Amino acid sequence: MTIDSRQVAAGILEAVPFARTLGIEFVEVAPEAEGGVRAVVRLPDSPATHNHIGGPHAGAMFTLGETASGAVVLAAFGQLFDRAVPLAVRADIAYRKLAMGPVLATARLGRPALEVIEELESGQRPEFPVEVEIATEEGKPTSAMTVIWTLRPN
């Protein structure tokens, strides 16, 4: 699988203007073993996104994680968007440690892409998880998130 990370970043930022508003940056979108995909996105440290204790607001961190998961979905399944619409079905986030400064979200596809594509091609509406870890730039994990996505056939 070949992934054009600049094209994925541009696609996400065009489709989700709020990600642009927060200043989310794309660090990496890359294939992994067995058809997997990994995306790393960054939320810069900005007073405009701070909470009452000076770290990134929970809503900004949620958006960071969802944006990373969307990049994975676009990279893994973008070739199917002419016949299916990607939709986030639900999301769960656990804020575990205080985050200060810039944070990175690393998202990974939770099921083999071929399995999801086979379900879609058989007429089903597949659901699949994208697992996200949010950490400081130094690598200290602060939050964990799971976003369940579907591909709704057109």
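Computed over heavy atoms, backbone and side chain alike; hydrogens, waters and symmetry mates excluded. What you see is a predicted model, and the numbers here were worked out from it, not measured in a lab.
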For this session: Take Glu127 and Thr150 through the test side chain to side chain donor-acceptor pair (under 3.5 Å) and record every step on the way to the result.
Result: CA-CA 4 Å; Glu127 287 191 2; Thr150 189; 5.1 Å; no
Problem set entry | salt bridge (Lys or Arg N to Asp or Glu O under 4.0 Å) between Glu119 and Arg125, worked out | CA-CA 7 Å; Glu119 284 182 22; Arg125 183 174 167 169; over 6 Å; no
Problem set entry | Working for side chain to side chain contact (heavy atoms under 4.5 Å, CB included), residues Thr146 and Val132 | CA-CA 6 Å; Thr146 302; Val132 184; over 6 Å; no
For this session: Starting from the C-alpha separation in whole Å, work towards a yes-or-no answer on side chain to side chain contact (heavy atoms under 4.5 Å, CB included) for His52 and His57.
Result: CA-CA 8 Å; His52 63 289; His57 188 278; over 6 Å; no
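Under the 4.5 Å side-chain criterion, counting only non-hydrogen atoms from C-beta, Leu104 is not in contact with Ile134. The closest side-chain heavy-atom distance from Phe26 to Thr67 is below 4.5 Å. Contact check for Tyr95 versus Thr142: no side-chain heavy atoms found under the 4.5 Å cut-off. No side-chain heavy atom of Pro112 sits under 4.5 Å from any side-chain heavy atom of Glu34. Within the 4.5 Å cutoff, the side chain of Phe81 has heavy atoms near those of the Pro86 side chain. Contact annotation: the side chain of Val85 never approaches that of Leu151 to less than 4.5 Å [non-hydrogen atoms, C-beta and beyond]. Counting heavy atoms from C-beta on, the side chains of Arg42 and Glu137 come closer than 4.5 Å.
For the atom pair Leu114 CG and Glu121 CD, the distance stands at 9.5 Å (nearest 0.5 Å). The CH2 atom of Trp149 sits 5.5 Å away from the CD atom of Glu66 when rounded to the nearest 0.5 Å. Residue Met100 holds its CE atom at 6.5 Å from CD1 of Ile53, rounded to the nearest 0.5 Å. For the atom pair CG (Leu120) and CD1 (Ile117), the distance works out to 8.0 Å, reported to the nearest 0.5 Å. The distance from the CZ atom of Phe62 to the CG atom of Asp92 is 9.0 Å, given to the nearest 0.5 Å. Taken to the nearest 0.5 Å, the CG atom of Leu87 stands 13.5 Å off from the CD1 atom of Ile148.
By the criterion of side-chain heavy atoms lying less than 4.5 angstrom apart, applied directly or through intervening Ile, Leu, Val, Met, Phe, Trp or Tyr residues, Phe18 is grouped together with Val103 in one hydrophobic cluster. The hydrophobic clustering, which links ILVMFWY residues whose side-chain heavy atoms are closer than 4.5 Å, places Val40 and Val8 apart.
Closest approach of Pro141 and Gly139 over heavy atoms only: CD-O, 3.1 Å. Ser69 and Ala107 make their closest contact through N-CB, 3.8 Å (heavy atoms, listed as atom of the first residue, atom of the second, distance). A pairwise comparison of heavy atoms in Leu109 and Ala76 identifies CD2-CB, 4.0 Å as the closest pair. Counting all heavy atoms, side chain and backbone alike, Ala30 lies closest to Glu28 at CB-OE2, 3.9 Å. The two residues Pro44 and Gly23 come nearest to each other via the heavy atoms CD-O, 3.3 Å. Residues Ile12 and Ala71 approach most closely at CD1-N, 3.7 Å, considering heavy atoms.
Between the side chain of Thr49 and the backbone N or O of Asp45 there is no donor-acceptor pair closer than 3.5 Å. Checking side-chain atoms of Arg38 against main-chain N and O of Arg108 turns up no donor-acceptor pair under 3.5 Å.
For Glu115, the CD atom is densely surrounded, since the number of other residues' heavy atoms within 6.0 Å is greater than 12.
Taking a cutoff of 4.0 Å between a charged side-chain nitrogen and a carboxylate oxygen, Arg96 and Glu133 do not qualify as a salt bridge.
For the pairing with Val37, the side chain to side chain contact (heavy atoms under 4.5 Å, CB included) check across Val72, Leu74, Val130, Val73 returns one residue only, Val72.
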